[in-house]
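Working notes, beginning with the structure itself.
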Amino acid sequence: AMKINQDTVLRGEKVTLVPYTAAHVPRYHKWMQSEELQRLTASEPLSLEQEYEMQRSWQDDTDKCTFIVLDSGCWPGQAEENSMVGDVNLFLTNAEDPTMGEIEIMIAEPSCRGRGFGKEATLLMMAYGVRKLGITKFEAKIGQENEASICMFKKLHFKEVAVNSIFQEVTLRLDVTDQERRWLLEQTNHVEEKSYAELKQPAGVLD
């Protein structure tokens, strides 16, 4: 069951991944009003109420794992909603092959793009998928116009395997061989895994 990450925080150098909760919905909803993001993520604008419903379904679905991406420089310290930069998702949609995960990354805050946030968030999610979810193959489907994202996935050793001219999207793939697994764990060996419930406590409680 995908409840696995509901108390998981993955803290990297640039980004920190936290579970997607109702508290994140207003900011997320605001992002998704952007026509550019709708185009890049191939999604329809939702009402705020629909967005809350969506968040609940994400939390409860067993075939999705989702994290909100926070700026490590801002959180803990600032409110989570003000530290949000995007989200990263893993879909386990292939019933015949539970070791296959489709990965999606969105850096929604324009000021945070091109700064390596997306790359680190993707690496954190991939390492989590490999270590905790038994993923051995990753796939990413990206709009053909989204060259920055395609380029980033290629830097993470993904190979282009298909182009769908109708949907104008490129499918990239990575098979996690022993060598790739070692590389991935090396790239993420600085990451700390923490409890979300503990980090959310006011600082005084931890002393």
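Computed over heavy atoms, backbone and side chain alike; hydrogens, waters and symmetry mates excluded. Keep in mind that this is a model prediction, so the values were computed, not measured.
Side-chain atoms of Gln38 come within 3.5 Å of backbone N or O of Met32 as a donor-acceptor pair. Listed for the Asn5 side chain is no donor-acceptor partner under 3.5 Å among the backbone atoms of Phe67. Side-chain N or O atoms of Asp175 include none that pairs as donor or acceptor with a backbone N or O of Thr177 at under 3.5 Å. Side chain of Thr16 to backbone of Leu70: no donor-acceptor contact under 3.5 angstrom is found. The main-chain N or O of Glu160 is never found under 3.5 Å from a side-chain atom of Arg173 such that the two would form a donor-acceptor pair. Distance alone, capped at 3.5 Å, places no donor-acceptor pair between the Glu193 side chain and the Thr8 backbone. Between the side chain of Glu120 and the main chain of Val15, a donor-acceptor pair closer than 3.5 Å is present. A donor-acceptor pair under 3.5 Å is formed between the side chain of Ser34 and the backbone N or O of Leu37.
Distance check: Phe117 CZ to Thr122 OG1 gives 13.0 Å after rounding to the nearest 0.5 Å. From Thr21, atom OG1 reaches atom OH of Tyr196 across 4.0 Å, with rounding to the nearest 0.5 Å. To the nearest 0.5 Å, atom SG of residue Cys65 and atom CD of residue Gln6 are 11.0 Å apart. Separating the OG atom in Ser43 from the CE atom in Met106 is a distance of 7.5 Å, to the nearest 0.5 Å. Taken to the nearest 0.5 Å, the CD1 atom of Ile103 stands 12.0 Å off from the CD atom of Glu139. The CE atom of Met152 sits 6.0 Å away from the CD1 atom of Ile105 when rounded to the nearest 0.5 Å.
Nearest heavy-atom pair, His29 versus Leu46, reported as atom, atom and distance to 0.1 Å: CE1-O, 2.8 Å. Nearest approach of Pro26 to Ala23, heavy atoms of both residues: CD-O, 3.7 Å. When every heavy atom of Ser72 is checked against every heavy atom of Gly12, the shortest pair comes out as OG-O, 3.2 Å. Counting all heavy atoms, side chain and backbone alike, Ser57 lies closest to Met54 at OG-O, 2.8 Å.
Residue-environment remark: CG (Asp178) stays at or below the threshold of 12 foreign heavy atoms within 6.0 Å. Within 6.0 Å of the CD atom in Gln33, the count of heavy atoms belonging to other residues, nucleotides or ligands exceeds 12.
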| field | Step-by-step side chain to side chain contact (heavy atoms under 4.5 Å, CB included) determination, Trp75 to Val9 | value | CA-CA 11 Å; Trp75 189 85; Val9 173; 4.2 Å; yes

| request: Would you check, one step at a time, whether the test side chain to side chain donor-acceptor pair (under 3.5 Å) holds for His24 with Gln55? | output: CA-CA 9 Å; His24 301 124; Gln55 182 272 326; over 6 Å; no

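Under the 4.5 Å side-chain heavy-atom criterion for ILVMFWY residues, no single connected hydrophobic cluster contains both Val176 and Met100. Grouping the Ile, Leu, Val, Met, Phe, Trp and Tyr side chains by contacts below 4.5 angstrom, directly or via other members, places Met84 with Leu48. By the criterion of side-chain heavy atoms lying less than 4.5 angstrom apart, applied directly or through intervening Ile, Leu, Val, Met, Phe, Trp or Tyr residues, Phe153 is not grouped with Val161; the two fall into different hydrophobic clusters.
For the pair Asn89 and Tyr20, the minimum side-chain heavy-atom distance is 4.5 Å or more. Counting only heavy atoms from C-beta outward, the side chains of Val130 and Arg181 approach each other to under 4.5 Å. Side-chain contact between Gln78 and Asp71 is absent, with no heavy atoms from C-beta onward closer than 4.5 Å. With a 4.5 Å cut-off on side-chain heavy atoms, Gln168 and Glu145 do not count as touching. Two residues are said to be in side-chain contact when any heavy atoms from C-beta on lie closer than 4.5 Å; Leu172 and Phe138 fail this criterion. Under the 4.5 Å side-chain criterion, counting only non-hydrogen atoms from C-beta, Met126 is in contact with Leu174. Considering only heavy atoms from C-beta on, Asn164 stays 4.5 Å or farther from Thr171 through its side chain. By the 4.5 Å heavy-atom criterion applied to side chains, Asp87 and Trp31 are not counted as neighbours.
By the 4.0 Å N-to-carboxylate-O rule, Glu180 lies too far from Lys159 to be salt-bridged with it.
Sorted by first and then second residue, the salt bridge (charged side-chain N to carboxylate O under 4.0 Å, His left out) pairs with a member in residues 96-105 read Asp97-Lys137, Glu102-Lys141; sequence neighbours excluded. Counting only residues at least two apart or on different chains, the salt bridge (charged side-chain N to carboxylate O under 4.0 Å, His left out) pairs with a member in residues 12-30 are Arg27-Glu109.
Just one residue in the list Thr66, Ile68, Val69 forms a side chain to side chain contact (heavy atoms under 4.5 Å, CB included) with Leu17, and that residue is Val69.
A donor and an acceptor atom, one from each side chain of Ser195 and Asp7, are located under 3.5 Å apart.
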